[in-house]
Colleague: 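My questions all concern the structure below.
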Number of protein chains: 2
Amino acid sequence: MMSVAVSPLDKFREYLATKSKRLTQERAIIVEEVFSDHEHFDADQLVERMQQREDGRRVSRSTVYRTLKGLEEAGLLRKVARNDNREVYEHDYGYPQHDHLICKNCGSLTEFTNESISKVLEEVSSDHRFRMAGHRLEVYGICEKCSGPVQRRHPMLDRI
Amino acid sequence: MMSVAVSPLDKFREYLATKSKRLTQERAIIVEEVFSDHEHFDADQLVERMQQREDGRRVSRSTVYRTLKGLEEAGLLRKVARNDNREVYEHDYGYPQHDHLICKNCGSLTEFTNESISKVLEEVSSDHRFRMAGHRLEVYGICEKCSGPVQRRHPMLDRI
DNA sequence: GTTATTGCAAACCATTTGCAAGTGT
DNA sequence: ACACTTGCAAATGGTTTGCAATAAC
């Protein structure tokens with residue numbers, strides 16, 4: 001259980017302060033939108049969500065890109081994979097450490113957590129006098145959905 | 001110890017045959033160049049190496065890109081990281097499985113091997129009925145070289 | 001009032017692709 | 001002969017950037 005003492009917006013505000021940057025309306029709206037759910041997303045999807053806001057508070061594509069970079073630096077987001085040639089982001093704050101199974105067929109991301117992986121990485125890093133700051137582990141393959149139905153077009157025949 | 005029964009070129013030849021593709025001079029030269037050492041490289045570096053060949057057997061940039069894709073499909077190369085916005089490749093044939101420590105400061109890649117990681121990944125995949133085909137693990141941080149000298153500009157003062 | 005930020009359009013840049021000429025089988 | 005490949009130049013497409021107008025502090 002990880003406790004979240006500060007909201008994402010506050011955390012971002014802190015980060016901005018240390019860099020003499022400003023908390024603009026645009027940045028605030030983006031943070032709100034990004035943290036409104038836990039799904040993975042890419043820049044383009046976020047741009048689209050920003051354009052469909054009912055309150056009409058639009059934000060340009062450039063600002064979305066610029067803010068994503070800031071959120072990453074602030075430790076609020078991290079890149080987890082590339083899909084369709086786009087960087088895929090996910091929350092890196094208030095969300096437990098995990099990695100992903102990535103389906104080569106449908107592109108779906110399945111999260112999993114495993115304690116021993118981080119332990120191993122810490123050992124390895126220490127052996128190499130490497131100061132680990134984070135990692136990105138992508139496991140490629142075919143997910144359950146894609147390996148099931150597709151190959152069994154005639155389920156009854158499987159038993160023959 | 002992994003035994004390499006077949007040369008990279010032969011392995012590529014086999015792959016090409018299964019796809020009714022041809023072993024052209026260009027492809028052969030690229031394989032030769034790529035497997036002439038074990039260093040990591042990106043497409044641009046390979047293009048440059050191809051242009052500096054003394055024997056004048058040049059290969060165009062497009063063909064390099066096309067062949068890299070083929071070598072990846074053939075299981076001879078794999079992408080291991082992105083550096084400077086470019087895909088970084090390494091040998092995936094006749095070379096033991098390993099992962100990388102990537103320095104955020106100088107971009108250097110340090111290889112490491114660890115048995116338990118693949119074991120864990122197989123367990124996790126099996127738990128999710130996921131058919132693992134491979135993985136990509138990038139550990140980010142600061143390498144020994146970069147964390148040493150840079151931070152200790154006045155080594156003697158460290159002891160104060 | 002200063003200085004950072006936005007939105008737009010243009011630029012960037014690694015990678016891909018259409019096509020006519022060339023090559024492997 | 002046939003189908004696959006090459007090299008070139010042009011296109012692609014995600015991401016970045018210059019700049020004048022605007023907003024945060």
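As the structure is a computational prediction, the values presented were derived from the model and not from experiment. We use all heavy atoms of the structure for the numbers below, so side chains are in, but hydrogens, waters and symmetry mates are not. Lettering follows sequence order; numbering is per chain, from 1.
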Colleague: Just how far, in rounded Å, is P of C:dT15 from CG of B:Leu46?
Modeller: 12 Å
Colleague: B:Glu26 has a side chain; which of D:dG7, C:dG7, C:dT16 sits nearest to it?
Modeller: D:dG7
Colleague: Angle class for the A:Tyr89/A:Phe41 ring planes (parallel below 30°, perpendicular above 60°, tilted otherwise)?
Modeller: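 Plane angle under 30°, so parallel.
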Colleague: Rounded to the nearest angstrom, tell me the gap between atom NZ in A:Lys79 and atom C1' in D:dG14.
Modeller: 11 Å
Colleague: Just the rounded figure in Å: distance from P of D:dT15 to CG of B:Asn85.
Modeller: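 Between P of D:dT15 and CG of B:Asn85: 9 Å.
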Colleague: Report yes or no: is there a donor-acceptor pair, N or O only, under 3.5 Å between the side chain of A:Arg58 and the base of C:dG7?
Modeller: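 For A:Arg58, whose side chain was compared with the base of C:dG7, there is no donor-acceptor pair (under 3.5 Å).
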Colleague: Working note: B:Arg82 + B:Asp42, criterion salt bridge (charged side-chain N to carboxylate O under 4.0 Å, His left out); need CA distance, chi angles, decisive distance, verdict.
Modeller: CA-CA 9 Å; B:Arg82 297 202 112 216; B:Asp42 61 38; over 6 Å; no
Colleague: Kindly indicate whether the side chain of B:Leu16, heavy atoms from C-beta on, has any atom under 4.5 Å from the side chain of B:Arg27.
Modeller: yes
Colleague: Which nucleotide wins on minimum distance to the side chain of A:Ser60, given the candidates C:dG7, C:dT3, D:dG14?
Modeller: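 Given the options C:dG7, C:dT3, D:dG14, the side chain of A:Ser60 is closest to C:dG7.
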Colleague: Using whole Å, what does the distance between atom C1' of nucleotide C:dA14 and atom CD of A:Glu87 come to?
Modeller: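 In whole Å, C:dA14 C1' lies 13 Å from A:Glu87 CD.
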Colleague: Would you indicate, yes or no, if C:dT6 has its OP1 or OP2 atom less than 4.0 angstrom from a side-chain nitrogen or oxygen of A:Arg27?
Modeller: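 Yes, within the criterion.
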Colleague: Just the rounded figure in Å: distance from P of D:dT17 to CG of A:Leu68.
Modeller: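 Atom CG in A:Leu68 sits about 15 Å away from atom P in D:dT17.
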Colleague: Let me know, please, whether B:Asp42 or A:Thr67 comes out on the 5' side of the other along DNA chain C by nearest nucleotide.
Modeller: A:Thr67
Colleague: Applying a strict under-4.5 Å side-chain criterion to I, L, V, M, F, W and Y, I'd like to know whether A:Phe35 and A:Tyr65 cluster together.
Modeller: no
Colleague: Would you kindly check whether a donor in the side chain of A:Arg22 faces an acceptor in the base of C:dT3, or vice versa, at under 3.5 angstrom?
Modeller: yes
Colleague: Using a 4.0 Å heavy-atom cut-off across all strands, classify A:Lys19 as base, sugar-phosphate, or nothing.
Modeller: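 Result for A:Lys19 = nothing.
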Colleague: Ignoring hydrogens and geometry beyond distance, is the side chain of A:Ser62 in donor-acceptor contact with the base of C:dC8 at under 3.5 Å?
Modeller: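 When only heavy-atom distances are counted, A:Ser62 does reach the base of C:dC8 through a donor-acceptor pair under 3.5 Å.
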Colleague: Decide, yes or no, whether a salt bridge links A:Glu138 with B:Lys79 under the criterion of side-chain N to carboxylate O below 4.0 Å.
Modeller: no
Colleague: At less than 4.0 Å, is any side-chain N or O atom of A:Lys21 found next to OP1 or OP2 of C:dT3? Yes or no.
Modeller: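 Indeed not, no polar side-chain atom of A:Lys21 lies that close.
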Colleague: Assuming nearest nucleotide by heavy-atom distance, tell me which of B:Leu23 and B:Arg86 is located more 5' along DNA chain C.
Modeller: B:Arg86
Colleague: Just N and O in the side chain of B:Tyr65: are any of them under 4.0 Å from OP1 or OP2 of C:dT15?
Modeller: yes
Colleague: Is it true that B:Glu32 and B:Arg53 make a salt bridge, defined as a side-chain N closer than 4.0 Å to a carboxylate O?
Modeller: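 Result for this pair is yes, salt bridge flagged.
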Colleague: Rounded to the nearest Å, what distance is computed from the CZ atom of residue A:Arg61 to the P atom of nucleotide D:dG13?
Modeller: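 Nearest whole value for this atom pair: 13 Å.
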Colleague: Which of these nucleotides, D:dG14, C:dC8, D:dG7, is closest to any side-chain atom of A:Arg66?
Modeller: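 Closest of the options to the side chain of A:Arg66: C:dC8.
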Colleague: Over how many whole Å does the gap from A:Asp44 atom CG to D:dT12 atom C1' extend?
Modeller: 14 Å
Colleague: So, under a plain 3.5 Å distance rule, would you say the side chain of B:Thr24 forms a donor-acceptor pair with the base of D:dC4?
Modeller: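 It does not, because no donor-acceptor pair links the side chain of B:Thr24 to the base of D:dC4 below 3.5 Å.
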Colleague: Given atom CE of A:Met50 and atom P of C:dT6, what is their separation to the nearest angstrom?
Modeller: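 After rounding, the reported distance stands at 11 Å.
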